[in-house]
Q: 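Can you keep this structure in mind? I'll have questions shortly.
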Amino acid sequence: MNQRSSPSPKLNTLLQPLLNPQAPVLASTYAPIFQFLTGKNLLKQGQQMHAHMALRGLRPTAFLAAKMVAMYASSGDISSASYIFHATASPSPLLFNSIIRAFSLYKLSEKTIHMYARMHSLSLRGDNFTYPFVLKSVTDLYYVQFGKCIHGSSLKDGLEFDIYVGTSLIDMYVKCGELGDAHKLFDVMPLRDVSSWNTLISGYMRDGVVDLAKELFENMPKKNIVSWTSMISGYTQNGLVDEALRLFDEMLSEDSEVKPNWVTVMSVLPACAHSAALDRGRKIHAFAREKSLDSHPSVQTALMGMYAKCGSLADASWCFNRIKLNDRNLVAWNTMISAYSSHGHGLEAVSTFEDMIRAGLRPDGITFTGLLSGCSHSGLVDVGLKYFDSMSTMYFVEPKHEHYACVIDLLGRTGQLVKAYNLISRMPMLAGASIWGSLLAASRSHRNLEIAELAAKKLFVLEPDNSGNYVVLSNMYAEANMWEEVNHLRALLKSQGVKKNPGCSWIEINGKAHLFLGGDTSHPQYKEIYKLLEELPEKIKAAGYVPDTSFALHDISEEEKVYTLTTHSEKLAIAFGLLNTSPATVLRITKNLRICGDCHTAIKFISKIYGREIIVRDVNRFHHFKDGLCSCGDYW
DNA sequence: TTAGGGTTAG
């Protein structure tokens with residue numbers, strides 16, 4: 001054995017028989033050694049034992065081969081594992097199990113199923129160690145029909161009472177979208193354990209059937225940490241972030257033996273990210289640190305995502321830097337690139353991408369979505385186009401709809417509307433609402449009515465309920481004094497019963513979110529808020545601000561328009577923030593729509609007059625206002 | 001051996 005490693009006492013005992021050259025060479029000597037080396041990442045030692053064995057002329061039996069396959073597979077050498085299997089003349093069920101587990105572990109799903117088929121053709125029975133791995137591969141490949149056959153075979157093999165097989169079958173049905181079959185099986189299972197319940201719960205959550213998941217959760221006889229975590233992540237994934245946070249608290253307050261682990265922490269963080277709850281996120285970070293759950297790279301990545309979405313790019317990059325270079329996987333790099341993009345730091349997104357390539361990682365589609373949107377937000381046209389071209393030629397990532405969307409946005413923002421339109425017609429897939437929406441927005445800011453009409457017509461079909469599209473086109477018609485068209489659109493809007501998507505903004509103060517709708521008068525402090533906002537125009541007018549009423553719908557008087565603008569939800573939230581925080585506090589506002597142009601101008605002035613840093617997250621990106629300027633450079 | 005997880009344009 002390798003002298004440099006310090007063999008454990010147990011290994012020393014196992015190695016003893018090998019030190020005697022007179023002793024017979026037996027599989028029973030080597031088997032426990034390979035078993036010991038399994039799962040410990042000791043490939044070199046394993047290879048040495050394999051060589052030692054070969055030198056003494058021992059050919060592995062099926063039993064020994066099974067142990068060797070397990071050792072090689074667990075040490076990262078799947079090709080040697082496969083070689084051992086194929087070199088063994090008559091594989092036993094144990095050896096089949098070993099290779100099936102190995103292939104399934106490496107996501108070689110086709111091979112896993114092939115091995116099961118071969119086992120079947122040799123009339124060898126599968127057992128409770130065979131089926132769970134075969135079913136996992138069936139699930140990965142979405143082979144429901146085949147899965148049903150496997151279900152039948154497992155019954156024939158007498159495994160209808162086995163909890164592992166039963167739970168794996170439920171999981172297979174759930175992940176292949178057959179929830180009815182999953183629940184039917186669950187109902188007739190003679191024995192269930194907490195995993196069987198958890199599998200079904202996560203299945204309902206995955207399908208968005210939150211009520212049934214909740215009912216199961218409440219009725220299950222015993223809950224473990226996976227049950228709680230499944231519910232928390234299920235709530236988050238279904239947009240019920242308050243429920244997720246509430247359940248996390250409930251779990252902590254319950255005086256049970258259930259202790260959150262790193263997966264739990266990772267599952268609750270997106271809830272903070274979603275609702276921009278920075279204080280809450282920081283508290284969870286502190287909790288994770290206290291319980292030593294923060295060192296896992298995936299937790300650091302989830303923290304990065306949370307900080308980036310809550311407006312703190314500095315904290316996000318701090319977390320990124322804490323992940324050791326070797327531990328930075330694709331998701332971590334992607335998260336950092338997207339964080340820079342959404343905050344308008346296109347150049348940093350580009351340099352992070354280059355660092356990632358130098359670190360030897362292969363980018364995927366998500367990497368390019370982040371990179372290209374970063375170029376778009378920062379106006380890096382040539383750089384963005386260059387990366388778009390390199391996607392398939394250098395990195396073998398086929399551009400998908402979202403990548404075209406980024407590039408069309410990139411061209412549109414810089415006023416290259418015809419080029420953008422031509423690219424749409426050359427796309428290998430049909431352009432969806434995001435692409436036409438981006439082109440419409442670009443046509444509006446570059447005042448190109450012809451292309452706006454083209455884009456809007458597509459949008460009226462693709463998303464007839466989105467009132468924003470009607471408003472943009474109607475305003476453009478009004479600016480061009482095309483009143484007949486304005487009336488026509490208004491009639492269309494009415495006849496289709498389209499409701500305006502209400503704008504809302506919220507601000508977090510001392511961990512509590514305060515939500516405002518446009519024109520909201522329901523807040524207890526609304527009188528003070530409106531007073532401040534009414535005084536505001538005079539104050540900021542003195543500094544040079546002119547209200548831009550083109551962002552209000554053109555069917556009301558000029559004064560009314562100014563008033564509508566004054567009461568936009570983001571302005572209400574900012575006014576509330578100014579009234580309720582100390583002068584040095586950064587105001588962090590989140591808006592459910594895109595920030596309007598007039599608010600953008602007004603907030604720049606507010607940041608100067610009040611000497612406040614204001615960070616606004618809209619649906620697309622972040623705007624950092626400071627000293628009369630915005631980080632987007634008015635380029636959005 | 002089965003169950004829970006982080007990144008994505010507009």
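Side-chain atoms are counted along with the backbone in the values below, which use heavy atoms only and exclude waters and symmetry mates. To find a chain, count down the sequence lines: A is the first, B the second, and so on, and within it residues start at 1.
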Q: Looking across every strand, which nucleic acid part, if any, lies under 4.0 Å from Asn128(A) by heavy atom: base, sugar-phosphate, or nothing?
A: base
Q: Do the charged groups of Arg328(A) and Asp355(A) touch, with an N to O distance under 4.0 Å?
A: no
Q: Please state how far atom CZ in Phe186(A) lies from atom P in dT2(B), giving the value in whole angstrom units.
A: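 My rounded result for the distance is 19 Å.
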Q: Which nucleotide in the set dG10(B), dA3(B), dT7(B) lies at the smallest distance from any side-chain heavy atom of Ile366(A)?
A: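 Closest nucleotide among those given: dT7(B).
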Q: With the side chain of Ser195(A) defined as its heavy atoms from C-beta on, choose the nearest nucleotide among dT2(B), dG10(B), dG6(B).
A: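 Closest nucleotide among those given: dT2(B).
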Q: Of the options dG4(B), dG6(B), dT8(B), whose atoms approach the side-chain atoms of Thr301(A) most closely?
A: dG6(B)
Q: Drop me the distance from His403(A)'s NE2 to His401(A)'s NE2, to the nearest 0.5 angstrom.
A: 11.5 Å
Q: So, for Trp228(A) and Phe248(A), is the gap between ring centers shorter than 6.0 Å?
A: no
Q: Backbone N or O of Cys504(A) within a donor-acceptor pair of the Asn592(A) side chain at under 3.5 Å?
A: yes
Q: Which whole-number value in Å describes the distance from Ile424(A) CD1 to dG10(B) P?
A: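 For the pair Ile424(A) CD1 and dG10(B) P, the rounded distance is 14 Å.
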Q: Over all strands shown, is Arg192(A) touching base, sugar-phosphate only, or nothing at heavy-atom distances under 4.0 angstrom?
A: nothing
Q: Do the ring centers of Phe368(A) and Phe353(A) come within less than 6.0 Å of each other?
A: yes
Q: Could you work out which one of dG10(B), dA3(B), dT2(B) sits closest to the side chain of Pro132(A)?
A: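 That would be dT2(B).
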Q: Side chain of Asn334(A), base of dG6(B): donor and acceptor closer than 3.5 Å?
A: no
Q: How would you label the contact of Thr229(A) with the nucleic acid (heavy atoms, under 4.0 Å): base, sugar-phosphate, or nothing?
A: base
Q: Side chain of Trp262(A) only, please: which of dG6(B), dA3(B), dG5(B) is the nearest?
A: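 For the Trp262(A) side chain, the nearest candidate turns out to be dG5(B).
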Q: Would you kindly give the CG-to-C1' distance between Asn238(A) and dG5(B), to the nearest whole Å?
A: 15 Å
Q: Report yes if at least one side-chain N or O of Lys400(A) is closer than 4.0 Å to OP1 or OP2 of dA9(B); otherwise report no.
A: no
Q: Ignoring backbone atoms, test whether Arg413(A) places a side-chain nitrogen or oxygen under 4.0 Å from the OP1 or OP2 oxygen of dG10(B).
A: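 Indeed, a polar side-chain atom of Arg413(A) lies that close.
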Q: Find the distance Ile435(A):CD1 to dG10(B):P and express it as a whole number of Å.
A: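 My rounded result for the distance is 11 Å.
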Q: Using a 4.0 Å heavy-atom cut-off across all strands, classify Lys309(A) as base, sugar-phosphate, or nothing.
A: sugar-phosphate
Q: Taking any heavy-atom pair under 4.0 Å as a contact, classify Phe133(A): base, sugar-phosphate, or nothing.
A: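 Sugar-phosphate contact only - Phe133(A) comes under 4.0 Å of backbone atoms but never of a base.
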Q: Please report, rounded to the nearest Å, how far the C1' atom of dT7(B) is from the CG atom of Leu303(A).
A: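 From Leu303(A) CG to dT7(B) C1': 14 Å.
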Q: For Leu372(A) and dG10(B), what is the distance between atoms CG and P respectively, to the nearest whole Å?
A: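 About 10 Å, once rounded to whole Å.
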Q: Do any side-chain nitrogens or oxygens of Lys175(A) fall under 4.0 Å of OP1 or OP2 in dG4(B)?
A: yes
Q: For dG10(B), take OP1 and OP2 only and decide whether either is under 4.0 Å from a side-chain N or O of His401(A).
A: no
Q: Choosing from dA3(B), dT1(B), dA9(B), which nucleotide comes nearest the side chain of Arg101(A)?
A: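 The answer is dT1(B).
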Q: Under 4.0 angstrom, heavy atoms only, what part of the nucleic acid is Asn97(A) near: base, sugar-phosphate, or nothing?
A: nothing
Q: Among dT1(B), dA9(B), dG4(B), which nucleotide has an atom closest to any side-chain atom of Ser202(A)?
A: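 Minimum distance to the Ser202(A) side chain belongs to dG4(B).
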Q: Hey, is the side chain of Ser434(A) pairing donor to acceptor with the base of dA9(B) inside 3.5 Å?
A: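 Indeed there is one.
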Q: Would you indicate what Asn466(A) reaches in the nucleic acid, counting non-hydrogen atoms under 4.0 angstrom: base, sugar-phosphate, or nothing?
A: nothing
Q: Send over the distance from Ile232(A) CD1 to dG4(B) P, rounded to a whole Å.
A: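 One finds 15 Å between P of dG4(B) and CD1 of Ile232(A), rounded.
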Q: Applying a 4.0 Å non-hydrogen cut-off, can you work out what Gln237(A) is touching in the nucleic acid: base, sugar-phosphate, or nothing?
A: sugar-phosphate
Q: Just how far, in rounded Å, is P of dT2(B) from CD1 of Ile170(A)?
A: 15 Å
Q: Run the salt-bridge test on Asp171(A) and Lys136(A) with the 4.0 Å N-O cut-off and return the result as yes or no.
A: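 Looking at Lys136(A) together with Asp171(A), the answer is no, because their closest N to O distance does not fall below 4.0 Å.
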Q: Given dG5(B), is OP1 or OP2 found less than 4.0 Å from the side-chain N or O atoms of Gln300(A)?
A: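 Checking Gln300(A) against dG5(B): no side-chain N or O falls below 4.0 Å of OP1 or OP2.
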Q: Within the stacking criterion (centroid distance below 5.5 Å, interplanar angle below 30°), does Phe129(A) stack on dT1(B)?
A: yes
Q: Is the distance from OP1 or OP2 of dG10(B) to the nearest side-chain N or O of Arg621(A) less than 4.0 Å?
A: no
Q: Salt bridge or not for Arg282(A) and Asp315(A), using N-O below 4.0 Å?
A: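 Asp315(A) and Arg282(A): salt-bridged.
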Q: Between dG10(B), dT7(B), dT2(B), which nucleotide gets closest to the side-chain atoms of Thr335(A)?
A: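 Taking heavy atoms from C-beta onward, the closest nucleotide is dT7(B).
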Q: Taking Asp140(A) first and then Lys175(A), would you say they form a salt bridge - that is, a charged N and a carboxylate O separated by under 4.0 Å?
A: no
Q: Where the side chain of Glu402(A) is concerned, which of dG6(B), dA9(B), dA3(B) is the nearest nucleotide?
A: dA9(B)
Q: Pick base, sugar-phosphate or nothing for Asp409(A), based on heavy-atom distances below 4.0 Å to the nucleic acid.
A: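 Sugar-phosphate only.
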Q: What nucleotide, of dG5(B), dT1(B), dA3(B), holds the atom closest to the side chain of Asn224(A)?
A: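 Selected nucleotide: dA3(B).
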Q: Using a cut-off of less than 4.0 Å, is there contact between a side-chain N or O of Ser298(A) and OP1 or OP2 of dG5(B)?
A: no
